[in-house]
Amino acid sequence: MAPHISIVTSLYRSEGTVAEFIRRADAAARAITPDYEIILVNDGSPDRTREITVEAIKAYPSCTLIDLSRNFGQLSAIHAGLTYAKGDYIFALDSDLEEAPELLDTFYKQIKSSPGIDVVYGIQKSRNDPILRAMTSSLFYFVFQRMTGVRDLKNMLILRIMTRRFLDAYLTLGDYHLFVAGISHYTGFEKQTLLVEKDYKGHSSYSFRKRLTMAGDAILSFSTYPLYTLFVGSLVLALAMVVVALLVLARKATSVDFQAGWASLIVSVWLVGAMIINSLAIVGLYIAKIFEQVKRRPRFIVRQIYKAGGTP
């Protein structure tokens, strides 16, 4: 028989928090129902996260540890946990304790008191990000909204609770690059949001390079707008070059001392060259995404599963 609630989280460099997370998540679920499971996914942690978790779950029969063969990334690890979750309601969150496991009670009451709602997302009330990070984040959401039409994604967290039918539909989507907020929007169903406070630990495991890569994956996976922009831009540039050519010919026909300028030639060459290189780069990125998608490699590989009691 399927459990009533599944709690899903990923672990990476979590040796200092995983034991407390399990204790608090277990207490939060037990306060709602005796029929629950906790699924922890070790995302190739280089520290002692796996060993500590295996030892910790011996005291919690509701826990299962899914140990991935390497680091596949947080979103892939969460996806692995969702794949194994069997509950009627699935509660996903981070394991770093910035999001309190006790929020399960709030989210569960919200979705149970709202007939027809299939997912409740957590939205962070306020962020204390550095100025540069905050600016780039706002820029990404602005561009993503303009290019895709998908709204209300800003400050959305992994934290959420889902019904079984929503998760089953979500898992049918075959996107290799996981942009959870966008995929969840595409899945449809009725949604609600909850504002939550999040304790900031002082640093993020997502570097600027990782965030830039994720932003590119999100936009390229959910919009062909950049290709249309290139098409329109090339038409505008071609029209501008025609106008310039006509002006040059007109000036040559009316001026005895006319001599073509070196500066205008160089600027034209650089402008057209930059446009061509940029166009090829964007088209190349789309081809790269197609290449990665058609290979149909799994999003994650499981090395071992530790069932209730801590035994493989």
Are the side chains of [X] and [Y] in touch, meaning some heavy atoms are under 4.5 Å apart?
X      : Y      : result
Tyr12  : Gln74  : no
Ile22  : Val18  : yes
Asp94  : Leu157 : no
Ile301 : Arg70  : no
Val119 : Tyr121 : yes

### Worked check of side chain to side chain contact (heavy atoms under 4.5 Å, CB included) between Ile66 and Leu40
CA-CA 6 Å; Ile66 300 173; Leu40 307 116; over 6 Å; no
Would you name the heavy atoms of [X] and [Y] that are closest together and state the gap between them?
X      : Y     : result
Phe300 : Ser76 : CD2-O, 4.0 Å
Glu99  : Leu93 : OE1-CB, 3.6 Å
Ile78  : Val8  : O-CG1, 4.0 Å
Thr53  : Thr49 : OG1-O, 2.7 Å

Straight-line distance of [X] [atom1] to [Y] [atom2], nearest 0.5 Å:
X      : Y      : atom1 : atom2 : result
Tyr84  : Ser6   : OH    : OG    : 14.0 Å
Leu65  : Lys307 : CG    : NZ    : 11.0 Å
Ile123 : Leu159 : CD1   : CG    : 9.5 Å
Thr163 : Tyr170 : OG1   : OH    : 14.0 Å
Ile111 : Glu190 : CD1   : CD    : 12.0 Å
Arg50  : Glu15  : CZ    : CD    : 13.0 Å

### Query
Got a donor-acceptor contact below 3.5 angstrom from the Thr9 side chain to the Ser95 backbone?
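Here the side-chain-to-backbone pair exists.
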### Message
Main chain of Glu98, side chain of Asp96: is a donor-acceptor contact present, judged purely on distance under 3.5 Å?
### Response
yes
Sequence neighbours excluded, which residues qualify as side-chain contact (heavy atoms from CB on, under 4.5 Å) partners of [X]?
X      : result
Ala169 : Thr187, Phe189
Ala77  : Ser10, Val41, Asp43, Leu68
Gln110 : Ser114, Val120, Gln192, Leu194
Ala25  : Ile7, Phe21, Ile38, Pro101

### Message
I'd like to check the salt bridge (Lys or Arg N to Asp or Glu O under 4.0 Å) partners of Glu102; sequence neighbours left out, ordered by chain and number.
### Response
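For Glu102 the salt bridge (Lys or Arg N to Asp or Glu O under 4.0 Å) partners, ignoring immediate neighbours, are Arg24.
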## Note on the structure
Residues at least two apart in sequence or cross-chain that pass salt bridge (Lys or Arg N to Asp or Glu O under 4.0 Å) with Asp47, listed by chain then number, are none
### Query
Which residues pass the side chain to side chain donor-acceptor pair (under 3.5 Å) test with Asn42, sequence neighbours left out?
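Here the qualifying residues are Ser45, Asp67.
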### Task
Return the set of residues passing side chain to side chain donor-acceptor pair (under 3.5 Å) with Glu55 (not counting sequence neighbours), or none when no residue passes.
Lys58
### Message
Show, in sequence, the C-alpha distance, side-chain angles and deciding distance for Ile90 and Arg164, and conclude whether the side chain to side chain contact (heavy atoms under 4.5 Å, CB included) test is met.
### Response
CA-CA 7 Å; Ile90 302 89; Arg164 182 78 251 167; 4.1 Å; yes
### Task
With sequence neighbours excluded, give me every ring pair (Phe, Tyr, Trp, His ring centres under 6.0 Å) pair touching residues 95-116.
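Residue pairs passing ring pair (Phe, Tyr, Trp, His ring centres under 6.0 Å), neighbours aside: His4-Tyr108, Tyr89-Tyr108, Phe91-Phe107.
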### Message
Using side chain to side chain contact (heavy atoms under 4.5 Å, CB included), reason through His79 and Phe72 one step at a time and then give a plain yes or no.
### Response
CA-CA 10 Å; His79 188 85; Phe72 287 87; over 6 Å; no
### Message
Determine whether Tyr60 and Arg23 satisfy the following criterion, side-chain hydrogen bond (donor to acceptor under 3.5 Å, both in side chains), listing intermediate values before the conclusion.
### Response
CA-CA 8 Å; Tyr60 296 92; Arg23 178 184 62 80; 5.7 Å; no
#### Entry: salt bridge (Lys or Arg N to Asp or Glu O under 4.0 Å) pairs, two or more places apart, involving residues 111-123
Asp118-Arg165
### Query
Tell me the salt bridge (Lys or Arg N to Asp or Glu O under 4.0 Å) pairs involving residues 30-40, sequence neighbours left out?
Asp26-Arg30
#### Entry: Worked check of side chain to side chain contact (heavy atoms under 4.5 Å, CB included) between Asp105 and Ile32
CA-CA 7 Å; Asp105 180 66; Ile32 296 174; 4.3 Å; yes
